[in-house]
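Here is the structure we will look at, set down as structure tokens.
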Amino acid sequence: MSLHVGVVSLGCAKNLVDTELMLGKLRQAGFTITSREDEADILIVNTCGFINSAKEEAIDTILSLARYREKGSCRALLVAGCLAQRYGRELLAEMPEIDGLIGTGEVSRVVEAVRAVLEGERICLAGKPGYLPGPGEQRLRTTPPYLAYVKIAEGCENRCTYCAIPDLRGAYRSRPTEELADEVRLLSGEGVREVILVAQDTTRYGLDLYGKLSLAALLKCLGRIEGPDWYRILYCYPAGIDDDLISAIAEEEKVCKYIDLPLQHISDKILRLMNRRGTSRQIAGLIEKMRAGIPGLTLRTTFLVGFPGETEEDFKQVLDFMEEMRFERLGVFAYSREEGTPAAGLPGQVPEEIKQERLDRAMALQQRISCVNNLGLAGTQARVLVEGRQPGNGGLYYGRSGAEAPDIDGKIVFSARAGLSPGDLVTVRITGARQYDLTGELI
């Protein structure tokens, strides 16, 4: 009888792709994959270590899963991902609950790690960071059948002063366009309708391989593949948005008119302290160019409040910019002081209560903006990817249009007389709005 392995994946979609690659290797090696933690012989936690709240979630999850090991139902507990890469043997020494570590660059060694801990060895595999899948590498997807994430690159070289990702994921490395096209063809054969392209910085794609920014060329290549209906791009660095990319998003029918553009701040002083490229004036000009060049664009951004040295005037610039730009989607995060990053040593660290107060003010503003934006959509039509039935009401369904990314944006709840299935693409008339969600009816 084969041993059962359960994997818990934390953090971002990029981490989820690593989880799926590990699951694929474990299944190929003859292990049985289970979603039930209580029946797993081996448990693996793929962690995020980006900010303090993510690290706390990872530690809590490890301790929670350790109880299965204590009961005897689980023979080994491994920790993978950013937390394992960042703290290595220190984590192993401080947490006896852990049997082994798998760093971000050791995804391909997951089977080796599992077999080693089953034989009683306490291992730490945390060498060179960041794993890049090879051609034809199989994975076991955990997303719904109609949706898949495709990692187009690994690593980051932007060196923002608040961020440890370059140390956790290594230098930027793109995957060849031909490999990505082959992967999308495989996903198409599995019934995938929405492909979401991810990387630490998607707009830098191809610079290392082809000597120039090549995301636009990749979109054109993928757009010719029969099968997927939507391509969505996440994690775009503003400096990498060029005219070719704007044109490709506007012209390629299958590419969602949706850009995820984390700005982090708009005060020139704070942008310099963050080591972000570009000024407030350049950012405003870029947004104007994108909106002019991509009709119907949905723009998502994030802001980081409470960065060291941020004054009330700096923060007010963020609020004023939000009022001016009326972003369709926006998230706000409080600065997290991460050890080993340049920002951790900056003077003017902002007290936690002020960070939270600024976060609350920014989100309250965005709620009002989002509600007005959504009310303006009443009477329009949207092509919606059905995700399921609304709980508690058999006549209502929910899904997303090209303007909503999974897990981070709102949804569209709509009525339909005919039976629908997850993965169907239908046309919905928008009839109402909430702060983040829309309501409608099937046409």
Side-chain angles (χ1 to χ4, degrees), residues 51 156-163 165-166 200-204 213 215 233-246 249 257-294 297-337 341-343 346-350 354-370 372-373 408:
I51 56 177
C156 185
E157 295 181 4
N158 290 320
R159 291 289 173 182
C160 302
T161 59
Y162 52 80
C163 184
I165 291 298
Q200 275 74 31
D201 174 2
T202 50
T203 46
R204 193 183 180 93
L213 299 177
L215 182 57
I233 316 161
L234 299 184
Y235 313 114
C236 300
Y237 193 91
I241 304 283
D242 59 13
D243 291 345
D244 286 344
L245 182 57
I246 291 173
I249 295 172
K257 313 314 172 194
Y258 177 106
I259 296 179
D260 171 42
L261 189 77
L263 296 176
Q264 310 306 0
H265 219 279
I266 201 61
S267 159
D268 286 335
K269 180 191 83 178
I270 299 300
L271 288 170
R272 285 193 299 271
L273 289 172
M274 288 180 167
N275 195 35
R276 300 280 294 182
R277 299 195 299 279
T279 65
S280 58
R281 182 179 231 177
Q282 289 169 332
I283 291 169
L286 174 63
I287 292 172
E288 182 180 352
K289 179 186 283 191
M290 288 191 297
R291 284 183 165 160
I294 308 172
L297 174 66
T298 294
L299 191 57
R300 158 170 276 280
T301 194
T302 54
F303 285 114
L304 192 64
V305 299
F307 189 82
E310 183 190 67
T311 63
E312 181 64 23
E313 175 56 32
D314 294 319
F315 174 64
K316 186 177 182 299
Q317 289 182 45
V318 173
L319 298 182
D320 291 345
F321 195 70
M322 290 170 59
E323 286 274 21
E324 179 186 358
M325 293 301 168
R326 316 293 291 182
F327 292 101
E328 289 81 9
R329 310 280 183 261
L330 185 143
V332 183
F333 299 91
Y335 165 72
S336 175
R337 191 176 189 177
T341 62
L346 288 176
Q349 297 288 329
V350 178
I354 294 180
K355 293 180 192 177
Q356 188 60 49
E357 186 264 344
R358 289 175 180 172
L359 186 154
D360 292 341
R361 284 163 61 192
M363 284 310 302
L365 172 58
Q366 181 58 26
Q367 285 174 358
R368 295 194 295 273
I369 292 171
S370 178
V372 172
N373 286 344
I408 55 175

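Values below: all heavy atoms of this structure, side chains included; hydrogens, waters and symmetry mates excluded.
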- Note on the structure: Note: Q317 and S267 closest approach over all heavy atoms is OE1-CA, 3.5 Å
- Test item: Q366 and V332 side chains (from C-beta on) under 4.5 Å apart, heavy atoms: no
- Smallest separation among heavy atoms of I165 and C156, with atom names: CG2-CB, 4.3 Å
- Item | Check: I408 main-chain N/O paired with R300 side-chain donor or acceptor under 3.5 Å | yes
- Message: If I take atom OG from residue S370 and atom CZ from residue R326, how far apart are they, to the nearest 0.5 angstrom?
- Response: 10.0 Å
- Scan side-chain atoms only and decide if S280 and D268 contain a donor-acceptor pair under the 3.5 Å cut-off. yes
- Query: Going from CE on M274 to OH on Y335, what distance comes out if it is rounded to the nearest 0.5 angstrom?
  - Reply: 9.0 Å
- Nearest atoms (heavy-atom pairs only) where F321 meets A284: CE1-CB, 4.1 Å
- Can you find a pair of side-chain heavy atoms, one from Q264 and one from F307, that are under 4.5 Å apart? no
- Evaluation steps, side-chain contact (heavy atoms from CB on, under 4.5 Å), between T301 and M325: CA-CA 11 Å; T301 194; M325 293 301 168; over 6 Å; no
- Given the rule in the side-chain contact (heavy atoms from CB on, under 4.5 Å) test, do L273 and H265 qualify, once you have shown the distances and angles that lead to the verdict? CA-CA 10 Å; L273 289 172; H265 219 279; over 6 Å; no
- Query: Hey, are D243 and K289 close enough for a salt bridge, meaning a charged N less than 4.0 Å from a carboxylate O?
  - Reply: yes
- Query: Does the distance from a Lys or Arg side-chain N to an Asp or Glu carboxylate O, for E312 and R361, drop under 4.0 Å?
  - Reply: yes
- OG1/T202 to CD1/I241 distance, rounded to the nearest 0.5 angstrom? 7.0 Å
- Message: Return the CZ to CZ distance between R272 and R276, rounded to the nearest 0.5 Å.
- Response: 15.0 Å
- P308 and L346 have their tightest heavy-atom pair at CB-CB, 3.8 Å
- Between E288 and R291, is the closest basic N to carboxylate O distance under 4.0 Å? no
- Hey, are the side chains of R329 and L299 touching, using non-hydrogen atoms and a 4.5 Å cut-off? no
- Task: First locate atom CZ of F315, then atom CG of L359, and finally report the distance between them rounded to the nearest 0.5 Å.
- Result: 8.0 Å
- Query: So, do L213 and L245 sit near enough that their side-chain heavy atoms are less than 4.5 Å apart?
  - Reply: no
- Message: Could you go through I294 and I246, starting from their C-alpha distance and side-chain angles, then the distance that decides it, and tell me whether this counts as side-chain contact (heavy atoms from CB on, under 4.5 Å)?
- Response: CA-CA 7 Å; I294 308 172; I246 291 173; 3.8 Å; yes
- Task: Would you check, one step at a time, whether the test side chain to side chain donor-acceptor pair (under 3.5 Å) holds for D314 with T311?
- Result: CA-CA 5 Å; D314 294 319; T311 63; 3.0 Å; yes
- Identified salt bridge (Lys or Arg N to Asp or Glu O under 4.0 Å) counterpart of E310 within the set R358, K269, K355: R358
- Item | Closest approach of L297 to Y258 (non-hydrogen atoms, all atoms of both residues) | CD1-N, 4.1 Å
- Query: If we only count heavy atoms from C-beta on, is the I369 to F327 side-chain gap below 4.5 Å?
  - Reply: no
- Query: When rounded to the nearest 0.5 angstrom, what is the spacing between CG in N158 and OG1 in T203?
  - Reply: 7.5 Å
- Within-4.5 Å side-chain heavy-atom neighbours: T298 and K257: no
- Mind listing the closest non-hydrogen atom pair of L263 and L271 along with its distance? O-CD2, 4.1 Å
- Message: Taking the side chain as everything from C-beta on, heavy atoms only, tell me whether Y235 gets closer than 4.5 Å to D260.
- Response: yes
